[in-house]
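Remarks on the structure that follows.
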Amino acid sequence: MAFASSQPTSSSMTETFVRGSFLSKIIGKTSAAIAAHRKRKALAILEALPIDVRKDIGWQTGN
């Protein structure tokens, strides 16, 4: 009985496989790319605002 309980379950085996797998690396890089895209989009929206509005919200107006 002790031997049988020391065997990992299929879910823990899958979890171990996915943790360091190629798939997890792809998911991580994709998440980073999506976050960078959202940041660039938000910055573009802020830069497109009129200077008076950017001043009111505390955004830098440039020199």
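Both backbone and side-chain heavy atoms feed into the values below; hydrogens, waters and symmetry mates do not. Just so we're clear, the structure is a prediction, and the values are computed from it rather than from any experiment.
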Residues 40-47, side-chain donor-acceptor partners within the protein, below 3.5 Å, at least two apart:
{"unit_1": "E47", "atom_1": "OE1", "unit_2": "R54", "atom_2": "NH1", "d": "3.3"}
{"unit_1": "E47", "atom_1": "OE2", "unit_2": "W59", "atom_2": "NE1", "d": "3.2"}

Name every donor-acceptor pair, under 3.5 Å, that has one atom in a side chain of residues 28-36 and the other anywhere in the protein, sequence neighbours excluded.
{"unit_1": "T30", "atom_1": "OG1", "unit_2": "I26", "atom_2": "O", "d": "2.7"}
{"unit_1": "S31", "atom_1": "OG", "unit_2": "I27", "atom_2": "O", "d": "3.0"}

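Separating the CG atom in D56 from the CD1 atom in I51 is a distance of 12.0 Å, to the nearest 0.5 Å.
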